[in-house]
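The structure appears right after this line, and notes come after that.
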Amino acid sequence: MSHAESPHWAPDTVVVAAGRPPHTADQPVNPPIVLSSTFHSMGKPGGGEKVYGRFTNPTWDPLEETIAALEGCGLPALAYASGMAAVAAALSLLPAGGTIVIPSHAYNGSLSLVAELETTMGLIVRHVDLSDTEASLAAFAGADMAWLESPTNPMLEVADLPVLLAAAREAGVLTVVDNTFSTPLRQRPLQQGADVVVHSATKYMGGHSDVVLGAVLTSSPGLRERLHNRRTLHGAIPGPFEAWLTLRGIRTMALRLDRAEANAIELATRLSTHPAVTRVRYPGLPGDPGHARAAAQMEGFGAILCIEVAGGAAAADAMLGRLRLWTPATSLGGVESLAERRRRHAGEPSTVPENLVRLSVGIENVDDLHADLAAALDDRG
Ligand SMILES: *Cc1c(COP(=O)(O)O)cnc(C)c1O
């Protein structure tokens, strides 16, 4: 069952129905996990297409087909060993000594890798505030690649993606969108004109904080072939079990995200009047600077919000230490709610406030989530 056969399916059907074995007698309902590093050649030079486990694995196919169906991509996604392997693959499309435009508040792993390429490979890096459309457009002039994230991590700034993607195309700048935060259920950048989309499937797609995996998508056969060849040669391939587990996670992604987002909206609203919270950042709040854009260009607001805790970094850390239900841990997109003061990481940009705590809202009961946070916040001082 491929999405191409049923283009009328809504995304919440695609997550369940895509990537299944054919509807014929005795087929399993789920795709099997194929644990094999090599494939029969039948002793013939052209004896098969699979050849070797670094080139392909049948367990990847249903996952790659399903992610592509969700993003509205005509070609299968490419699965990678991690989100960062997917990011590195997309960055490898840059020419030697090329110029990249990247938001100052991009995912810190992507920023660190770009900084490393700046030192070692002569990459020219232009940092921009992506919510400032004029500044972003100016930075595109003469660039080779625009790296786009919206909403940004962790500041949750919202870019005018349709305008930026159209302008980049006009200027001949290759666009890559890291769509991890939004997921294809809230935003489909290829449909808005992006050349390449990357995902950390570790987050919402896997959804249970038990797998690390990445994906890259492009509708361009030429770009996909370059990426595919490099994946084979660089070897950053996912294990079959991780691929299977990620597809299993995707089956419930629509339900999980709907619930987590409803929780996030409720928490953002309640926390915005809490005396120990100096600011809530969440595009779903009507007063948020990114609200109008997010409402216009996304199909929902996602389930990540950030709060700034009165009393600075120490008060924020103390609050995290008092949580009982929320888990103080990095990462996001799992069923369980996680909280993290992002500046605890040395690589986090200094423009991210010291007291900013990122909340990855899970699917628990919202009153329990709120009560735990409120208790931890109230106990300050
Ligand atoms: C986590 C994350 C990555 C990196 O993915 P890994 O699976 O941890 O390698 C890239 N981009 C974003 C936005 C992320 O949240």
Side-chain angles (χ1 to χ4, degrees), residues 63 67 71 77-92 100 102-117 130 145-159 161 175-187 189 194 196-217 231 234-239 241-243 245-247 249-250 253 257 260 264 281 283 298 302-306 329-334 336 338-340 342 344-345 347-349 352 356 358-362:
L63 173 67
I67 297 175
E71 285 285 2
L78 289 160
Y80 288 82
S82 67
M84 278 310 295
V87 166
L91 288 173
S92 81
I100 188 172
I102 187 165
S104 330
H105 297 139
Y107 174 67
N108 68 15
S110 307
L111 285 172
S112 301
L113 180 53
V114 161
E116 205 237 25
L117 295 174
L130 218 55
M145 179 182 283
W147 191 270
L148 306 174
E149 262 185 65
S150 179
T152 58
N153 177 10
M155 298 291 268
L156 302 176
E157 298 135 332
V158 182
L161 267 194
T175 49
V176 181
V177 177
D178 184 335
N179 203 30
T180 301
F181 258 48
S182 302
T183 86
L185 299 175
R186 295 294 178 266
Q187 175 165 283
V196 177
V197 163
V198 302
H199 278 284
S200 169
T202 310
K203 314 295 168 50
Y204 287 103
M205 290 191 185
H208 297 75
S209 306
D210 55 9
V211 62
V212 174
L213 190 135
V216 179
L217 298 105
R231 182 179 67 172
H234 291 186
I237 54 161
F241 185 58
E242 282 73 12
L245 210 47
T246 304
L247 181 57
I250 288 174
M253 181 165 65
L257 190 59
R281 296 174 189 262
M298 294 174 65
I304 310 284
L305 62 111
C306 292
T330 197
S331 199
L332 57 103
E336 72 294 324
L338 302 180
E340 181 181 44
R342 288 297 291 173
R344 80 186 176 105
H345 300 289
E348 198 70 14
V352 173
L356 179 144
R358 188 182 69 191
L359 303 176
S360 170
V361 181

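Each ligand, and each atom within it, is numbered from 1 in the order the structure gives.
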Side-chain donor-acceptor distances from residues 102-109 under 3.5 Å, at least two apart:
{"unit_1": "S104", "atom_1": "OG", "unit_2": "V128", "atom_2": "O", "d": "3.1"}
{"unit_1": "H105", "atom_1": "ND1", "unit_2": "E157", "atom_2": "OE1", "d": "3.2"}
{"unit_1": "H105", "atom_1": "ND1", "unit_2": "E157", "atom_2": "OE2", "d": "3.0"}
{"unit_1": "H105", "atom_1": "NE2", "unit_2": "T351", "atom_2": "OG1", "d": "2.7"}
{"unit_1": "N108", "atom_1": "ND2", "unit_2": "E348", "atom_2": "OE1", "d": "2.8"}

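In terms of modelled atom types and a separation under 3.5 Å, the side chain of E242 and the main chain of S82 share no donor-acceptor contact. Checked by atom type and distance alone, the side chain of H208 pairs as donor or acceptor with a backbone atom of G206 at under 3.5 Å.
Considering NE2 of H199 and CD1 of I67, their distance stands at 7.0 Å, rounded to 0.5 Å. Rounded to the nearest 0.5 Å, atoms CZ (R344) and OG1 (T330) are 5.5 Å apart.
With respect to C306, the side chain to side chain contact (heavy atoms under 4.5 Å, CB included) criterion is satisfied by exactly one of L359, N153, L356: L356.
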Do any nitrogen or oxygen atoms of ligand 1 lie under 3.5 Å from a protein nitrogen or oxygen, and which ones?
{"unit_1": "ligand 1", "atom_1": "5 (O)", "unit_2": "S200", "atom_2": "OG", "d": "3.0"}
{"unit_1": "ligand 1", "atom_1": "7 (O)", "unit_2": "G83", "atom_2": "N", "d": "2.9"}
{"unit_1": "ligand 1", "atom_1": "7 (O)", "unit_2": "S200", "atom_2": "OG", "d": "2.8"}
{"unit_1": "ligand 1", "atom_1": "7 (O)", "unit_2": "T202", "atom_2": "OG1", "d": "2.6"}
{"unit_1": "ligand 1", "atom_1": "9 (O)", "unit_2": "G83", "atom_2": "N", "d": "3.0"}
{"unit_1": "ligand 1", "atom_1": "9 (O)", "unit_2": "M84", "atom_2": "N", "d": "2.8"}
{"unit_1": "ligand 1", "atom_1": "11 (N)", "unit_2": "D178", "atom_2": "OD2", "d": "2.7"}
{"unit_1": "ligand 1", "atom_1": "15 (O)", "unit_2": "K203", "atom_2": "NZ", "d": "2.7"}

